[in-house]
Amino acid sequence: MPQELLVIGGGLAGCEAALAAARAGVAVRLVDMKPQEFSPAHHSPHLGELVCSNSLRSDVITSAVGLLKAEMTLLGSAVMTAARATAVGAGKALAVDREAFAKHLEGQIAAQPLISRESARVDALPDHVAVLATGPLTAGALAEELAKLTSSIHLHFYDAIAPIVSLESVDMERAYWGDRYGEPGQGDYLNCPLSREEWGEFYAALISGDQVPLKDFESPQFFEGCLPIEVMAARGEKTLLFGPMKPVGLEDPATGKRPHAVVQLRKENLEGSLLNLVGFQTKLTYQAQDLVFRKIPALAGAEFVRWGSIHRNTFLDAPRVLDPHQRLKAAPHLFVAGQLSGVEGYVESSAMGILCGVNAANLLCQRTLISPPPTSALGGLVTHLQNTATKSFQPSNINFGLLPPLEGRVFKRQRGAAQARRGLADFLAWMEASGLEPAGDIPQLPEEAG
Ligand SMILES: Cc1cc2nc3c(=O)[nH]c(=O)nc-3n(C[C@H](O)[C@H](O)[C@H](O)COP(=O)(O)OP(=O)(O)OC[C@H]3O[C@@H](n4cnc5c(N)ncnc54)[C@H](O)[C@@H]3O)c2cc1C
């Protein structure tokens, strides 16, 4: 018999990891500090607690998160089983009754004879094979232990996320490529100029935009180098005009003149299909961001694939400290799953839990570790965690920008379906090659347009 697997943290990722390893025939000890101790965001005594929204986002398979759900279902996801069993009406989204959902997930753990449960806070990193799934609010000395092992610069405690737009949705009549003082028309930044009048409107909207109230455990101790854009704006107009929106050296080739202000967009992925708004981390509500950032003329009709945010979040600098199988390079017997590994969101955290559970079982049973194809949604998350091109790694939700671009020209409205067709076909082929039986029916996809 292989050694027992320890899973620390019984949230979404931990439950998935424990059940995936048990399905592979490995005995699991699942340890969570609840109900003895609660993080500032957890309140339910049950495992698998949804700490905020009750939505698992889009259930449409031609969306990136819909494709990820389909792949998880094929892998036998416990979170998907619980979600389907406890779904509440939410249009095209999959939302759940959170209490019933947690109880269902906990029921699956209780019904699995290979899993034993323990309630305790773990403060030390184990010296045998384990999955760390303690989430964005990892408690106690475990976070410090991780910081020591990975060097503290590779463990972050806050997310400061700038909004991301798709390149194809930027109005290129109102934007130009160029580095500060670089050759016109060349460079890595896409510059979005504002005239004095446009600036005035943008600034007025920014300083009056609604902000997300801070939770009591989120003290507003922002780093000077990472201040929310609205906090900088509140210090006076010049703070932004001499800061992230400085126009100097960024003359507009269309006019030959220096604009009053410039928003710079930087590549977010290797293909350059996604761009982030440099310096625009923010606590504005999503609704306010929708209003304020569309006052930047080049972004008036842009597709925002992610809004900005700043919140407490413990996560690893994955590209620097994790190997391609989500193991700590400095301690390869330790897998890291869930939000702590550098993905963002309930569905993504759960998905990475399944993968870590399967691979931890493979390690214990001396089988080859597996990695999903990069064209699948699960593979896209793995690619993100290994993306060493990003200087400042930030957790990400799944989006099609994390997958390789489609070959040939595909109309915009057909891209989701094309991504889903390619991803699912490659995922099923990978499952077969890896000896994994599909756990559910193969989902139906829209026919390819002629
Ligand atoms: C305040 C907040 C709101 C969020 N809202 C959303 C949202 O609305 N939608 C969304 O998609 N994502 C949201 N997220 C992001 C994230 O996807 C969720 O937090 C998700 O639950 C992460 O799953 P996980 O399994 O990695 O961690 P968790 O679900 O947090 O599970 C971690 C578990 O580990 C336990 N634990 C922690 N430390 C220890 C320890 N030292 N020893 C033993 N047990 C320990 C905890 O008790 C917990 O049960 C939010 C995050 C936060 C912090």
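When a ligand or atom number is given, it counts from 1 through the structure's own listing order. Residues take their numbers from the sequence shown, with the count starting at 1.
For D32, a nitrogen or oxygen atom sits less than 3.5 Å from a nitrogen or oxygen atom of ligand 1, counting backbone and side chain alike. Here's the thing with H42: one of its N/O atoms is less than 3.5 angstrom from an N/O atom of ligand 1. Polar contact with ligand 1: present for V122 (N/O pair, distance under 3.5 Å). Residue-to-ligand polar distances keep V31 apart from ligand 1: every N/O pair is separated by 3.5 Å or more. Here's the thing with D123: none of its N/O atoms is less than 3.5 angstrom from an N/O atom of ligand 1. For a threshold of 3.5 Å applied to N or O pairs, the pair formed by A139 and ligand 1 contains at least one separation below that value. Taking any N or O of G9, backbone or side chain, none lies under 3.5 Å from an N or O belonging to ligand 1. Looking at V51 next to ligand 1, no N or O pair under 3.5 Å apart turns up. An N or O contact shorter than 3.5 Å links Y346 to ligand 1 by distance.
Residue A120 places a heavy atom less than 4.0 Å from ligand 1. Ligand 1 is approached by A133 to a heavy-atom distance shorter than 4.0 Å. In this structure, G140 has no heavy atom closer than 4.0 Å to ligand 1.
Aromatic ring centres of Y286 and F304 lie farther apart than the 6.0 Å criterion allows. In this structure, F101 has its ring center at least 6.0 angstrom away from the ring center of H46.
Remark: ligand 1 atoms within the under-4.0 Å shell around heavy atoms of A13 are 25 (O). For ligand 1, the atoms lying closer than 4.0 Å to a non-hydrogen atom of K34 are 47 (O), 49 (O). Under a 4.0 Å criterion applied to the non-hydrogen atoms of G338, ligand 1 contributes the atoms 26 (O).
From L277, atom CG reaches atom CD1 of I164 across 9.5 Å, with rounding to the nearest 0.5 Å.
Side-chain contact check for S350 and E16: no donor-acceptor pair (N or O, by modelled atom type) lies under 3.5 Å. A donor and an acceptor atom, one from each side chain of S376 and D426, are nowhere located under 3.5 Å apart. Side-chain atoms of T282 and Q289 form no donor-acceptor pair, as typed in the model, at a separation below 3.5 Å.
Look at K34 and E49 and you find a salt bridge, because one of the NZ, NE, NH1 or NH2 atoms lies within 4.0 Å of a carboxylate O, short of that distance. A salt bridge links R29 and E118; the closest N-O separation between the charged side-chain nitrogens and carboxylate oxygens is under 4.0 Å.
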Using the rule given for side-chain hydrogen bond (donor to acceptor under 3.5 Å, both in side chains), can you reason through S396 versus E344, listing the C-alpha separation, both sets of side-chain angles and the distance that settles it, and then say yes or no?
CA-CA 5 Å; S396 180; E344 172 76 34; over 6 Å; no

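Screening residues 81-98 for side-chain hydrogen bond (donor to acceptor under 3.5 Å, both in side chains), with sequence neighbours left out, gives D59-R84.
If you look at E348 next to ligand 1, there are no close heavy atoms at all, none under 4.0 Å.
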